[in-house]
Q: 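One structure, pasted below without further comment.
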Amino acid sequence: MAAAAPLSLLVLLLLGPGVWGQTDPPRDSLREELVITPLPSGDVAATFQFRTRWDSELQREEVSHYRLFPKALGQLISKYSLRELHLSLTQGFWRTRYWGTPFLQAPSGAELWAWFQDTVTDVDKSWKELSNVLSGIFCASLNFIDSTNTVTPSASFKPLGLANGTDHSFLRYAVLPREVVCTENLTPWKKLLPCSSKAGLSVLLKADRLFHTSYHSQAVHIRPVCRDARCASISWELRQTLSVVFDAFVTGQGKQDWSLFRMFSRTLTEPCPLASESQVYVDVTNYSQDNETLEVYPPPLTTYQDVVLGTRKTYAVYDLLDMAVINNSRSLNLQLKWKRPPGNGYIHYQPAQDRMQPHLLEMLIQLPASSVTKVSIQFERALLKWTEYTPDPNHGFYVSPSVLSALVPSEVAAQPVDWEESPLFNTLFPASGSSSHFVRLYTEPLLVSLPTPDFSMPYNVICLTCTVVAVCYGSFYNLLTRTFQIEEPSKGGLARRLANLIRRARGVPPL
Amino acid sequence: MGLLSDPVRRRALARLVLRLNAPLWALPVAWLERTMRSVGLEVYTQSFSRKLPFPDETHERYMVSGINVYGILRAPRAASTESLVLTVPCGPESTNSQAVGLMLALAAHFRGQIYWAKDIIFLVTEHDLLGSEAWLEAYHDVNVTGMQSSPLQGRAGAIQAAVALELSSDVVTSLDVAVEGLNGQLPNLDLLNLFQTFCQKGGLLCTLQGKLQPQDRTSADGPLQGVQTLLLMALQQASGHPRGAHGLFLRYRVEALTLRGVNSFRQHKYDLVAVGKALEGVFRKLNHLLERLHQSFFFYLLPALSRFVSIGLYAPAAGFLLLVLALKALELWMQLHEAGVGPEEAGGTPGSSPPLPATQRVGLASLVAPLLISQAVGLALYVLPVLGQHVAAQHFPVAEAEAVVLTLLAVYAAGLALPHSTHWVLSTQAPDRSWMALKLVALIYLALQLACITLTNFSLGFLLAATMVPGAALTKPSGPRPLCAALLVLTSPAATLLGGLFLWQQLQEAPLSLAEGWRLFLAALAQGVLAHHTYGALLFPLLALGLFPCWLLFWNVLFWKC
């Protein structure tokens with residue numbers, strides 16, 4: 001009897017969501033997607049995207065029941081009246097020259113930018129609190145964001161989602177280039193996923209493999225989107241993205257063949273039961289002309305062709321919800337083998353105030369074709385106050401990476417597609433017309449060594465001793481050599497003489 | 001003899017030989033690029049060209065153009081903010097192919113490792129220092145020496161440390177460590193200690209200045225050898241010429257040293273694996289650094305690899321030497337003061353009366369004229385040789401490089417005639433006191449210059465102080481004039497240079513005959529001028545514009561007409 005009571009309770013708990021799910025159609029949905037792209041340099045990039053969409057107006061209604069959408073982030077949106085939130089934590093640097101254009105680039109370190117609703121009165125206060133809360137959620141040092149590294153760009157960061165107005169005074173942007181990203185940041189990020197890392201694509205998210213890569217970038221993007229084609233009401237979209245670049249040279253022993261198991265030391269066994277869509281895309285576009293072919297195993301059931309970032313690409317598609325994909329071999333281990341080895345319009349400048357706000361320089365430049373444009377900024381190295389030096393001053397001081405946002409003309413015109421139906425990797429940025437696509441690139445952070453005083457022990461001893469000796473010797477010498485005399489009060493200064501003159505003129509006895 | 005005495009023919013022949021010479025050796029750029037790419041590096045090239053101010057006869061080059069090849073190993077999950085450099089200089093004289101091979105092997109090994117936190121740049125430079133100068137200037141986006149080079153396509157953040165590798169022969173029996181850089185700059189002592197630790201660990205035989213490390217310190221040989229090594233290092237540092245391809249890195253605050261594999265015909269031979277292991281160790285240690293090397297000494301002298309003389313020990317020596325000048329100047333000032341004040345205001349307190357009237361009475365003209373004339377001679381010494389080389393080569397049967405050196409010597413010798421020319425300008429009032437005033441000014445001038453030099457390049461400052469101070473202190477118009485003149489001439493900057501060369505060769509256990517020494521002296525003069533114009537070495541302008549005019553003032557004092 002004692003054992004039966006908990007058992008029945010358990011059954012009830014299990015039934016609960018199921019019953020609810022039948023009566024009320026789920027207003028939230030999860031789509032997960034993995035894109036594997038062999039890069040021009042021979043490395044392999046894997047981009048995970050998990051998109052949770054919730055048809056609910058978080059700000060208007062008092063929402064208390066959360067199903068797929070993480071409660072921590074939902075409460076954040078309603079408490080701080082957020083319109084958009086973009087947080088990325090990156091270790092490494094996306095080498096555009098060798099890897100091609102990324103779906104979504106992020107600067108090295110931590111980057112946070114948020115648009116607040118226009119009902120927010122004190123944006124700076126909300127921003128400060130928001131960064132502190134996020135710091136707790138993601139175990140990152142976002143609490144170091146303050147006025148000295150926050151800027152309000154006026155042109156570069158437009159809202160990515162549904163936006164009524166773009167008054168950029170509700171935008172805040174900050175970068176922490178020194179932030180080191182590691183497992184402790186990955187774990188809370190994984191916990192936000194509805195299936196955690198138990199099933200579906202997230203099984204592959206094994207920390208020791210993800211951090212054994214050349215590039216690791218994880219991000220959280222929250223934005224409002226249209227609920228349907230009429231766009232009468234909004235839905236909230238949470239996108240969790242994670243991009244890694246596997247070094248084919250190190251992991252593949254020089255060969256460019258790869259498999260899911262070799263990259264992640266896991267295979268896909270089952271889809272996430274909560275996901276409405278779970279797909280793996282493999283870029284099988286034939287880049288080179290010289291009959292260089294590649295072979296994906298197991299052979300894909302369907303392929304997908306689209307114009308991505310201005311070029312036509314072909315993807316092999318594996319749908320995990322399709323039982324045939326997994327059932328053939330009890331698990332899905334994608335493999336790829338190479339049959340042959342491959343071969344000025346606007347300037348906005350906001351000067352810095354020392355220890356208050358950083359410099360912000362925004363330029364709108366039209367670049368001529370095949371040209372090199374160099375933007376150089378002169379600066380002077382200054383001595384800091386002695387408490388402002390970091391514990392490792394000789395390491396240098398970081399200058400945040402600069403951001404390049406561009407509308408690049410496409411080689412191939414893209415077809416207008418249904419936003420909800422197309423794969424996730426193609427809908428990160430709002431469509432900007434068929435003839436061009438949006439690209440955002442970041443430069444590497446700059447390490448500047450400032451003039452540093454000698455913080456070594458002898459120097460400190462010399463400074464301290466000199467101070468003590470000066471103070472003690474000065475006061476003692478003063479005491480010993482001073483002779484004390486009683487001095488008659490003087491006749492008075494100029495003021496007194498003037499006063500007496502006036503008094504004499506008035507006929508009053510002088511002071 | 002007859003054929004080559006005509007400068008036009010000589011130049012034509014030289015050009016022909018240069019053109020013939022050029023294709024004989026060239027960096028195999030395509031092969032290097034291919035190989036570096038195959039081991040998984042990002043490969044870039046940089047072409048540069050530089051026209052030297054006059055033909056460099058030691059290295060046989062004039063219009064230099066070359067290509068630097070470098071490959072960057074990108075550290076995984078690092079944002080390319082910091083990097084380390086392994087550089088191998090290549091050139092027609094030292095092809096250094098063993099070092100290139102070792103570098104490529106190291107690159108291939110490093111590429112497979114996952115622990116790198118800093119990018120590593122593998123750099124092959126052509127035309128030794130010119131190549132690395134071009135690369136460094138382009139990397140830091142500055143142009144200080146008029147080098148023409150293409151901009152770099154790939155960068156890897158702030159360079160934290162650099163190691164230059166030279167293997168002159170196929171057989172390596174010992175590794176020589178060179179630390180002295182341009183203008184006598186030294187890397188942080190920790191870099192040297194790091195390397196020494198790995199040498200000891202791997203059982204490699206390391207030498208400093210080509211001298212073995214003394215094994216037992218008890219015998220009399222040990223200290224003697226230490227002194228020899230110390231002197232060699234001081235002379236090398238004083239010359240201000242970089243002793244290896246690392247020398248120019250120091251200017252950009254990159255700690256760097258050169259390792260030179262030497263075949264000194266010993267029993268012991270090392271295969272390159274041992275050298276490679278030591279290098280791997282050094283790079284892994286540098287990779288782990290959180291900050292730039294800054295904890296240890298930047299100013300030191302090395303009697304042995306494991307011992308150093310710190311600045312606290314040697315700086316007082318130079319300080320005492322300069323004190324002689326200061327005391328002498330004080331004495332002269334007192335004398336001048338007494339002479340000026342004594343008869344008239346004998347009762348006044350000596351400290352309170354201003355010294356100005358004394359100098360005014362001496363006459364400004366008698367001070368300014370020698371000063372201006374000696375500075376003008378210095379300026380001529382600095383400017384004329386390079387400016388006038390073409391004129392000299394047209395009118396005399398000499399090549400440009402010779403013309404430069406001979407003009408140098410001619411202007412230098414003409415400067416010695418200065419005292420006889422200055423007397424035309426001077427009025428002969430109060431002759432006794434005016435030489436005192438001139439000497440006072442010269443003493444202060446010399447002391448200030450030497451103090452400044454000592455602070456930046458101790459060896460040079462000390463060498464100049466040790467030679468110039470006795471002469472400067474003893475010089476006066478009265479007394480044994482020929483003896484004093486001989487002393488002054490022997491301690492003039494040029495004579496010091498000649499003496500330094502002889503001492504250097506003596507310490508290297510390769511004594512020179514007089515004729516050889518003279519030839520070496522001429523070559524050193526040309527190299528000094530060239531190093532100033534190509535790399536920005538400061539020794540030549542320092543001597544020409546600073547110390548030589550100062551020395552001329554003393555020469556002037558000696559031949560003062562009383």
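The chains referred to below are lettered A, B, ... by the order of the sequence lines, with proteins before strands, and numbering in each begins at 1. A quick note: this is a predicted structure, and the numbers were derived from the prediction, not measured.
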Q: B/Tyr115 ring centre to B/Arg284 NZ or CZ under 6.0 Å, with the angle to the axis within 45°?
A: yes

Q: Excluding sequence neighbours, so at least two apart, what forms salt bridge (Lys or Arg N to Asp or Glu O under 4.0 Å) with B/Glu82?
A: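 Here no residue qualifies.
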
Q: Is B/Arg253 close to chain A through its backbone or its side chain, or both, or neither, when contacts mean heavy atoms under 4.5 Å?
A: side chain

Q: Under 3.5 Å, side chain of B/His246 to main-chain N/O of B/Val179, donor-acceptor pair present?
A: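 Here the side-chain-to-backbone pair exists.
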
Q: Looking only at heavy atoms, which of residues 148-158 of chain B get nearer than 4.5 Å to chain A?
A: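 So the qualifying residues are B/Gln153, B/Arg155, B/Ala158.
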
Q: Using a strict 4.0 Å threshold on nitrogen-to-oxygen distance, state whether B/Lys285 and B/Asp190 make a salt bridge.
A: no

Q: For B/Trp135 and B/Tyr70, I'd like to know if the aromatic rings sit close, meaning centre-to-centre distance below 6.0 Å.
A: yes

Q: If I measure from the heavy atoms of chain A, does B/Glu42 come under 4.5 Å with its side chain, its backbone, both, or neither?
A: both

Q: Ignoring hydrogens and angles, tell me if any N or O in the side chain of A/Arg95 forms a donor-acceptor pair with the backbone of B/Arg74 under 3.5 Å.
A: no

Q: Side chain, backbone, both or neither: which part of A/Pro177 has a non-hydrogen atom closer than 4.5 Å to chain B?
A: neither

Q: What part of A/Ser449 gets closer than 4.5 Å to chain B, counting heavy atoms only: side chain, backbone, both or neither?
A: side chain

Q: What about A/Phe48 and A/Phe264, are their ring centers closer than 6.0 Å?
A: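 Ring centres of A/Phe264 and A/Phe48 closer than 6.0 Å.
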
Q: Return the orientation label for the B/Phe308 and B/Tyr300 ring planes: parallel under 30°, perpendicular over 60°, tilted otherwise.
A: perpendicular

